[in-house]
Amino acid sequence: MVHGLGMSHRYLARLHRELVREGAVHSVVLPGFGGTRKPSGVMSVPDGAALLGEALDALGIACAVLVGHSMGAQFVTELAVQRPSLVTHLVLVGPVTDRARARPLAQALDLTRNSLRESPSGNALTVTDYLRCGPRWYLTELAPMLEYRTDERLRRVTAPTLVLRGGNDPVARGPWCAHLAGAAPAGTLVEIPRHRHLVQHTAAHATAAVVVEHSRQDLAIG
């Protein structure tokens, strides 16, 4: 599982605990996030995806279900393009960046709208992880996030793809997520009603159930 911009593995912990009942689960922290050492220059989405692949190699993992939240959805999408044999299934939770809103101000407003009705525990995790990330690295990585064309890259993904969003998510909006599911050669869209951008935190059990069911169905078909 891969976190989004400014975040770390901590807000994936609830989903991690749900999924570990089904098998081995690894929550990755990318360089510069979660208090880790910051790279000297910009980490592009392809760079981050390559590092993720190297981490899986180091763990001896030859194939995996990749789960990415927000910007993390970009990293796992790119890895699925770079190394298709490594990825059995792809799960994009609250994926970014909506091409109609790929501007810093629009993203800031959407995140603010989300935080006003997000859970207190989710907001606490977000604030503390943002502080650990720091504004310099956050802004450094914001540019690659806004530039990356998730929809275009998904057209090259061969793994079955699940696009999952909270029904009230103002960041990963319905039309954008439907567009992504349509762009993937084998894409499915699922919404969990009444939840927002941190759906994997506030609805961990429901999110895990959808991920597991999707993966099992695809495996049976394949």
Side-chain angles (χ1 to χ4, degrees), residues 1-37 43 45-95 121-122 125 129 132 150 153-154 157-166 184 186-188 190 192 195 197-222:
M1 297 197 293
V2 185
H3 59 84
L5 180 64
M7 300 302 292
S8 74
H9 67 291
R10 299 191 312 145
Y11 80 144
L12 302 172
R14 290 182 180 178
L15 180 58
H16 188 123
R17 288 194 293 269
E18 293 287 340
L19 290 176
V20 79
R21 300 172 184 175
E22 304 295 327
V25 181
H26 300 276
S27 296
V28 176
V29 180
L30 290 165
F33 300 104
T36 61
R37 183 176 179 180
M43 180 179 66
V45 174
D47 290 342
L51 288 172
L52 177 59
E54 291 172 8
L56 294 179
D57 292 340
L59 290 167
I61 298 173
C63 58
V65 177
L66 298 188
V67 181
H69 176 261
S70 200
M71 188 181 184
Q74 297 180 331
F75 290 116
V76 298
T77 296
E78 183 61 28
L79 182 56
V81 175
Q82 291 181 6
R83 299 179 58 182
S85 63
L86 185 60
V87 184
T88 63
H89 306 85
L90 191 62
V91 181
L92 313 182
V93 183
S121 60
L125 287 167
D129 268 354
R132 293 200 298 167
T150 310
R153 298 300 278 170
L154 268 178
V157 170
T158 57
T161 301
L162 170 66
V163 180
L164 191 153
R165 70 180 292 269
T188 304
V190 173
I192 298 180
H195 289 270
H197 195 52
L198 302 186
V199 61
Q200 85 289 346
H201 175 75
T202 57
H205 182 75
T207 298
V210 173
V211 172
V212 170
E213 180 183 4
H214 177 80
S215 299
R216 286 177 173 172
Q217 287 178 350
D218 288 337
L219 283 170
I221 293 170

Undergrad: Are the ring centres of Phe33 and His3 closer than 6.0 Å?
TA: yes

Undergrad: Let me see the working for Leu59 and His26 under side-chain contact (heavy atoms from CB on, under 4.5 Å), right down to the final yes or no.
TA: CA-CA 10 Å; Leu59 290 167; His26 300 276; 3.8 Å; yes

Undergrad: With heavy-atom distances below 4.5 Å as the criterion, would you say the side chains of Leu90 and Pro160 are in contact?
TA: no

Undergrad: Just wondering, do Leu79 and Thr77 contact through their side chains at under 4.5 Å, heavy atoms?
TA: no

Undergrad: Do the side chains of Arg216 and Glu22 get close enough for a salt bridge, i.e. N-O under 4.0 angstrom?
TA: yes

Undergrad: With rounding to the nearest 0.5 angstrom, report the CD to CZ distance, Glu78 to Arg83.
TA: 12.5 Å

Undergrad: How far apart are the closest heavy atoms of Thr36 and Leu30, and which atoms are they?
TA: OG1-O, 3.4 Å

Undergrad: Go through it in stages, so that I can follow the logic: the residues are Val210 and Leu162, the test is side-chain contact (heavy atoms from CB on, under 4.5 Å), and I'd like the CA-CA distance, side-chain angles, deciding distance and then a yes or no.
TA: CA-CA 9 Å; Val210 173; Leu162 170 66; 3.7 Å; yes

Undergrad: Kindly compute the distance separating CG (Leu66) from OG1 (Thr88), expressed to the nearest 0.5 Å.
TA: 7.5 Å

Undergrad: Where the side chain of Gln200 meets the backbone of Thr207, is there a donor-acceptor pair that is under 3.5 Å apart?
TA: no

Undergrad: Would you say Met43 and Phe75 make side-chain contact, with heavy atoms under 4.5 Å?
TA: yes

Undergrad: Is the backbone of Ser8 close enough, under 3.5 Å, to the side chain of Asp129 for a donor and an acceptor to pair up by distance?
TA: yes

Undergrad: Quick check: closest heavy atoms across Ser121 and His201, and the distance to 0.1 Å?
TA: OG-NE2, 2.8 Å

Undergrad: Are Leu52 and Val76 side-chain neighbours, meaning at least one heavy-atom pair lies under 4.5 Å?
TA: yes

Undergrad: Looking only at heavy atoms, which two atoms of Arg10 and Leu125 are closest? And how far apart?
TA: NH2-O, 3.5 Å

Undergrad: Kindly give the heavy-atom pair with the smallest separation between Leu19 and Met1, and that separation in Å.
TA: CD1-SD, 3.9 Å

Undergrad: From Leu12 CG over to Leu198 CG, what is the distance, rounded to the nearest 0.5 angstrom?
TA: 10.0 Å

Undergrad: Does any N or O in the side chain of Ser70 come within less than 3.5 Å of the main-chain N or O of Gly72, such that one atom is a donor and the other an acceptor?
TA: no

Undergrad: Leu86 and Gly53: which non-hydrogen atoms are nearest, and at how many Å?
TA: CD2-CA, 4.3 Å

Undergrad: Quick one about His16 and Ser27 (side-chain donor to acceptor, distance below 3.5 Å, no hydrogens or angles considered), yes or no?
TA: yes

Undergrad: Ring-plane angle category for His197 and His69, please: parallel below 30°, perpendicular beyond 60°, tilted otherwise.
TA: tilted

Undergrad: Just do the side-chain contact (heavy atoms from CB on, under 4.5 Å) check on Ile61 and Asp57 with the steps written out, would you?
TA: CA-CA 6 Å; Ile61 298 173; Asp57 292 340; over 6 Å; no

Undergrad: If I compare all heavy atoms of Leu164 with all of Pro95, which pair ends up nearest, and what's the gap?
TA: O-CD, 4.1 Å

Undergrad: Please step through side-chain contact (heavy atoms from CB on, under 4.5 Å) for the pair Leu92 and Leu154, ending with a clear verdict.
TA: CA-CA 11 Å; Leu92 313 182; Leu154 268 178; 3.9 Å; yes

Undergrad: With sequence neighbours excluded, tell me which residues meet salt bridge (charged side-chain N to carboxylate O under 4.0 Å, His left out) with Arg14.
TA: none

